[in-house]
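Worksheet: the structure to be examined is printed underneath.
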Amino acid sequence: MTSPQKPALELLIAAPRGFCAGVDRAIQIVELAIERYGAPVYVRHEIVHNKFVVDSLKAKGAVFVEELDQVPDGVTVVFSAHGVPKVVPAKAAERGLSYLDATCPLVSKVHRQAERLVASGRHILFVGHAGHPEVIGTFGQVPDGNMTLIETEADAEALMPADPDNLAFLTQTTLSVDDTAAIMNVLMRRFPTIVAPKADDICYATSNRQNAVKAIANACDMVVVIGAPNSSNSLRLVEVAEREGTTAKLIQRAPDLDLDLLAGVGTLGIAAGASAPELLVRELVDHLATKFEITEREVETTRETLTFKLPRELQAA
Ligand code: SF4
């Protein structure tokens with residue numbers, strides 16, 4: 001007896017996708033720290049926003065905590081890729097804890113800009129999402145009261161700063177390129193003397209992944225983004241596809257996608273946020289192949305070659 005023919009499904013796989021240089025470096029830092037100092041190695045906050053990555057590191061000997069006071073004396077602690085307020089390394093040093101900072105160098109760059117702007121007497125308008133660890137970390141680089149959060153164009157329109165001629169702005173690294181441009185336009189219109197960075201601080205990985213989704217979305221009946229619900233850059237990829245008029249769905253792992261939802265879908269786009277490993281993309285393709293006769297095509301909009309150096313303590317001797 002012949003098995004019934006599976007329906008055809010074309011996959012357009014966005015590239016670049018998945019791990020960026022900052023995530024790759026942060027994961028390597030935890031793995032090398034376990035190798036070098038032995039388990040357990042404590043990590044303050046999810047090292048990157050991906051459950052699969054966190055669980056894999058737990059299995060190797062990492063212990064994830066939210067605050068430093070959950071870290072026992074005498075162990076090594078790693079700070080996550082999102083960055084931490086200055087008070088965190090200061091407290092670790094006070095307790096004599098040895099720590100490794102996995103803050104992405106592109107986030108650290110924003111931290112240094114914030115310090116310089118405040119030293120020059122400017123009040124910073126920080127474009128970002130309330131409660132995101134990167135925002136908390138960046139606010140924690142300067143004394144309280146020197147930074148105001150702007151989340152939306154409406155916030156930018158409503159702002160009544162005490163000294164409107166003495167402002168500067170910075171942005172979170174994982175925002176929507178289009179939304180941020182709109183907010184920047186409002187700020188520059190309302191405050192013509194505002195000090196603006198040469199470009200926004202949205203990182204190369206965030207913009208490349210958004211462009212890659214834009215490039216496929218129109219040709220797709222649906223786009224699936226692999227990423228965590230607390231991953232800012234992954235959520236932005238869903239928005240990018242939706243703005244192109246294409247239904248988009250965020251999933252953490254392949255089984256989260258109900259294949260019955262794909263009835264009538266001839267072309268499916270696949271993208272992955274900066275903290276999602278390639279393994280999860282392959283897992284999704286295999287999952288789809290159980291029900292569909294798939295053909296795959298990768299659509300590459302740019303090639304990424306950036307890598308970041310490891311902290312000195314972990315570089316090979
Ligand atoms: S998304 Fe950008 S800022 Fe965040 S870790 Fe990756 S490269 Fe760094």
Side-chain angles (χ1 to χ4, degrees), residues 18-108 111 128-140 172-174 205 226-235 250-253 255-256 272-280 283 308 310-311 313-314:
F19 280 4
C20 59
V23 163
D24 210 37
R25 173 179 180 269
I27 294 168
Q28 272 193 65
I29 289 175
V30 178
E31 289 176 340
L32 287 171
I34 294 169
E35 238 176 78
R36 180 99 27 122
Y37 309 117
V41 161
Y42 278 69
V43 184
R44 183 187 175 278
H45 193 69
E46 284 186 329
I47 185 75
V48 299
H49 286 155
N50 187 279
K51 186 175 176 328
F52 177 85
V53 170
V54 167
D55 287 346
S56 312
L57 291 173
K58 273 185 192 164
K60 292 179 182 170
V63 176
F64 290 86
V65 295
E66 277 312 305
E67 290 306 335
L68 210 56
D69 52 22
Q70 296 166 271
V71 177
D73 290 335
V75 298
T76 300
V77 60
V78 180
F79 303 140
S80 82
H82 313 96
V84 288
K86 270 187 173 172
V87 65
V88 174
K91 268 192 195 151
E94 217 177 273
R95 283 185 51 196
L97 290 173
S98 74
Y99 65 84
L100 292 161
D101 190 356
T103 302
C104 175
L106 299 181
V107 174
S108 300
H111 289 178
H129 297 295
H132 189 280
E134 183 184 327
V135 175
I136 295 168
T138 304
F139 267 68
Q172 190 179 330
T173 57
T174 50
I226 302 174
N230 57 347
S231 158
S232 172
N233 80 86
S234 305
L235 292 170
L250 182 73
I251 61 164
Q252 302 214 57
R253 296 287 298 263
D256 300 343
S275 36
E278 182 62 14
L279 204 97
L280 300 187
E283 179 188 68
F308 293 129
L310 289 167
E313 307 88 303
L314 294 178

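Between Ile27 atom CD1 and Arg25 atom CZ the span is 12.5 Å, to the nearest 0.5 Å. Note: Leu279 CG to Phe19 CZ = 9.0 Å, rounded to the nearest 0.5 Å. Interatomic distance, Ile47 CD1 to Ile29 CD1, rounded to the nearest 0.5 Å: 7.0 Å. Rounded to the nearest 0.5 Å, atoms CG (Leu100) and CG (Leu32) are 9.5 Å apart. Atom OG1 in Thr174 sits 5.0 Å away from atom CD in Glu134 (nearest 0.5 Å). Here Ser231 contributes atom OG and Ile226 contributes atom CD1; the two are 12.0 Å apart, rounded to the nearest 0.5 Å.
With respect to the salt-bridge test (charged N to carboxylate O, under 4.0 angstrom), the residues Arg44 and Glu67 qualify.
A donor-acceptor pair under 3.5 Å links the side-chain atoms of Gln172 to the main chain of His129, judged by distance alone.
Listed by first and then second residue, the ring pair (Phe, Tyr, Trp, His ring centres under 6.0 Å) pairs that reach into residues 66-95 are His45-His82, His49-His82, Phe79-Tyr99, His82-His132, sequence neighbours excluded.
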For residues 52-64, dump all side-chain donor-acceptor pairs below 3.5 Å to protein atoms at least two apart in sequence or in another chain.
unit_1	atom_1	unit_2	atom_2	d
Asp55	OD2	Lys51	NZ	2.7
Ser56	OG	Phe52	O	2.7
Lys60	NZ	Glu31	OE2	2.8

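Leu280 has its side chain within reach of Asn50: a pair of non-hydrogen atoms, C-beta onward, lies under 4.5 Å apart. Put simply, the side chain of Val88 reaches to within 4.5 Å of the side chain of Pro85, judged on heavy atoms.
Nearest heavy atoms, Leu97 versus Pro72: CD2-O, 3.5 Å. Nearest heavy atom pair, residue Cys104 against residue Gly22, reads SG-CA, 3.9 Å.
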Would you check, one step at a time, whether the test side chain to side chain contact (heavy atoms under 4.5 Å, CB included) holds for Phe308 with Leu106?
CA-CA 10 Å; Phe308 293 129; Leu106 299 181; 3.7 Å; yes
Any chance you could lay out the side chain to side chain contact (heavy atoms under 4.5 Å, CB included) test for Val23 and Cys20, step after step, and finish with the verdict?
CA-CA 5 Å; Val23 163; Cys20 59; 3.5 Å; yes
